[in-house]
Amino acid sequence: MALIRERLTHMLQRAVQDLLRDSGISNEQDLRVELEIPKISDHGDYATNAAMVLTKPLRRNPREIAQAIIDRMEGRHELLASVEIAGPGFINFFIRPEAWADVVRDIHAKADAYGLQDLGGGKRFQVEFVSANPTGPLHIGHGRGAAIGDVLANILRACGYQVDKEYYINDAGKQMQTLGRSLYLRYLEALGVPIDFPDDHYRGDYMKDLAREVVGQMGDRYKDTPEDEALPFFTKYAGDHILDGIRQDLEAFGVRHDVWFSEQSLHDAGEVQKTIEALEQAGYIYEEDGAKWFRSTAFGDEKDRVVVRANGLTTYFAADLAYHKNKFERDYDTVIDVWGADHHGYVARMSAGIQALGRKASDLRIILVQLVNLLRGGKPVAMSTRAGEFVTLREVVDEVGKDAARFIFLTRRSDSPLDFDLEVAKMQSNDNPVYYVQYAHARLCSVFQVAREKGVPCSWSVPPDLSPLTHPKELELMKLLGEYPQVVAASALQLEPHRIPYYLNELVSCFHSYYNQNRILGEEEATTQARLYLAAAVRTVIRNALGLLGVDAPEKM
RNA sequence: GCGCCCGUAGCUCAGCUGGAUAGAGCGUCGGACUUCGAAUCCGCAGGCCGCAGGUUCGAAUCCUGCCGGGCGUACCA
């Protein structure tokens with residue numbers, strides 16, 4: 001049973017195509033025919049700009065065109081109560097009220113699968129996100145990236161893409177040496193050896209904790225070992241344990257990556273060298289001042305970039321090129337990178353890189369996540385990684401909760417900076433948008449609980465008669481429920497997870513309003529049955545949408 | 001200097017890749033619980049969509065130039 005929007009879209013498209021063909025016009029590609037829900041209910045349940053868009057190719061008055069389109073919409077009387085031509089040439093469609101019930105039956109039939117669809121055709125996507133250096137705990141900025149990447153992947157999966165979530169571990173290079181040495185020094189310090197701790201080492205308290213841990217396990221075994229011999233142990237220990245902590249923090253935040261990819265493994269397998277050779281063969285490498293340069297300007301970058309320094313060492317960018325080459329060799333159709341916006345300067349060169357390696361620019365999509373300003377009571381909280389003064393993601397999750405933190409991160413466009421005030425997040429807990437949504441779910445569960453206690457039937461093998469659903473709020477609810485798949489699809493195509501929380505808010509707001517005006521239980525039996533059936537559909541959609549967001553849908557709160 | 005992002009209600013932000021009279025939450029003020037959960041609902045107030053041009057039937061949305069804020073501009077990782 002096709003949904004309202006689909007049926008209407010289909011009908012409209014056929015009419016437009018017929019009209020174009022009859023006018024002797026070949027298929028126009030870039031016709032922006034849209035079917036939207038007007039802001040004002042007087043403008044119909046749906047409206048289209050089709051006639052206005054056709055003004056140019058047809059060279060006719062939009063209102064005339066509108067009438068021609070309507071005349072060509074076959075079978076419209078089954079679905080439409082009326083059609084109007086309005087304003088500059090909008091066509092406003094008024095759906096027969098009883099048709100909306102199809103949406104509710106459809107939701108019951110699909111249940112958990114309502115909202116799932118096949119846009120991707122099984123195409124393989126990879127979403128790489130967080131990828132924080134394993135040199136310290138995750139902070140709140142990582143949390144935002146984690147929420148966005150995780151949910152984006154969920155949404156894409158819901159749309160029929162085959163998606164892997166990946167974390168790139170920067171476990172190579174000088175920083176790891178520095179990390180190991182930081183731990184080594186803290187270790188000695190914990191054993192009472194006087195040390196001089198350099199400014200450019202990792203100063204955070206977590207290193208002291210880790211050092212105490214080593215002392216607990218190893219005692220003074222490395223106290224008299226020469227630094228050169230001791231360092232490999234400390235480097236590995238620090239890297240492993242910090243990464244482990246990151247994994248646990250992500251877990252507590254509801255994020256689980258499918259693949260943890262080591263940068264070091266690229267070096268070990270010689271892939272960095274191979275990548276440079278591949279670029280050389282493609283003619284994009286030249287030498288200058290003793291270094292090897294990648295000609296990224298050939299693809300619109302501002303300047304060329306060094307891949308091998310004069311001292312013979314490869315740059316981080318070279319490893320990143322190898323990494324992306326590797327991604328595509330793993331047969332991903334599209335690769336999505338979620339980066340902090342402070343890395344935006346790297347977009348052009350990375351795009352150049354994959355193009356030089358033979359991929360289309362559109363095969364790599366980079367989402368820039370703006371920074372998070374952490375506040376406490378309106379005042380900025382100092383965030384310095386070097387000095388070790390920062391609030392970790394874990395602390396935030398412990399303080400405000402996983403659900404609230406995720407929801408706050410997701411209820412903003414990623415390219416908009418975000419103020420995250422801990423005090424406000426806690427103080428507001430009752431007015432927090434996430435509780436607003438969760439409350440609706442709990443409320444619905446409660447209604448069903450009461451219904452069961454009263455012996456009112458509330459599970460159906462056959463849909464009840466839905467004709468009692470005539471209240472304006474009921475029609476509005478059904479209309480909104482019917483839009484859910486469309487919202488998920490748009491969210492996937494635009495890579496914009498924030499649309500889901502906004503939709504949820506709208507749906508839930510409508511439900512709360514409805515609930516306050518009407519009783520579900522205790523009405524005449526047919527009415528109660530129809531309303532319960534609708535309520536169950538609302539609950540399903542809330543639960544499905546929250547599921548995409550990785551936010552719990554509690555039955556009680 | 002150059003590049004990217006952002007300027008929408010007092011505050012925080014949406015505005016669906018050009019549509020009709022620009023929305024929501026918070027905050028202010030005033031209302032609604034003997035009845036399914038008041039963590040809710042209803043109402044009032046609040047705007048030259050940063051400024052100025054341009055594109056067209058139509059601009060918060062697209063283009064150009066300014067103003068203001070953030071970030072970035074390594075043979076660092």
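We name chains A, B, ... by the order of the sequence lines, and we start the count at 1 in each one. Note that the coordinates shown come from a computational prediction; the quantities given were computed from them, not determined experimentally.
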Sticking with atom P, work out how far B:G15 lies from B:C62, rounded to a whole angstrom. 12 Å
In whole Å, what separates the C1' atom of B:U21 from that of B:G58? 14 Å
So, A:His43 and B:A20: ring centres less than 5.5 Å apart, planes less than 30° off, yes or no? yes
Between A:Tyr284 and A:Phe299, ring centroids under 6.0 Å: yes
Does A:Asp304 reach the main-chain N or O of A:Ser296 with its side chain, forming a donor-acceptor pair under 3.5 Å? yes
Would you say A:Tyr515 and A:Leu444 make side-chain contact, with heavy atoms under 4.5 Å? no
Just wondering, do A:Val83 and A:Phe94 contact through their side chains at under 4.5 Å, heavy atoms? no
Starting the side chain at C-beta, find the nucleotide from B:C36, B:G19, B:C71 nearest to A:Val447. B:C36
Where do N or O atoms of nucleotides 58-63 of chain B meet protein N or O atoms at under 3.5 Å, pair by pair?
none

Tell me whether the OP1 or OP2 atom of B:C42 has a side-chain N or O from A:His512 closer than 4.0 Å. no
Does B:C41 have its OP1 or OP2 closer than 4.0 Å to a side-chain nitrogen or oxygen of A:Tyr436? yes
Test: A:Arg499 cationic atom under 6.0 Å from A:Tyr502 six-membered ring centre, within 45° of axis: no
Using the 3.5 Å cut-off, write out each protein N or O paired with an N or O of nucleotides 74-77 of chain B and the distance between them.
from: B:C75; atom 1: O2; to: A:Ala310; atom 2: N; distance (Å): 2.6
from: B:C75; atom 1: N4; to: A:Asp289; atom 2: O; distance (Å): 2.8
from: B:C76; atom 1: OP2; to: A:Arg309; atom 2: NE; distance (Å): 2.7
from: B:C76; atom 1: OP2; to: A:Arg309; atom 2: NH1; distance (Å): 2.2
from: B:C76; atom 1: N4; to: A:Tyr346; atom 2: OH; distance (Å): 2.6
from: B:A77; atom 1: OP1; to: A:Arg309; atom 2: NH2; distance (Å): 2.7
from: B:A77; atom 1: OP2; to: A:Tyr316; atom 2: N; distance (Å): 3.4
from: B:A77; atom 1: O3'; to: A:Ala172; atom 2: O; distance (Å): 3.4
from: B:A77; atom 1: O2'; to: A:Gln175; atom 2: OE1; distance (Å): 2.8
from: B:A77; atom 1: O2'; to: A:Gln175; atom 2: NE2; distance (Å): 3.1
from: B:A77; atom 1: N6; to: A:Tyr346; atom 2: OH; distance (Å): 3.0

Under 3.5 Å, is there any donor-acceptor pair linking the side chain of A:Gln370 to the base of B:C5? no
Could you write out RNA chain B as dot-bracket? Rules: Watson-Crick or G-U wobble, both distances under 3.5 Å, brackets [ ] for crossings, | for pairs with another strand, dot for unpaired. (((((.(..((((.....[...))))..((((.......))))......(((((..]....)))))).)))))....
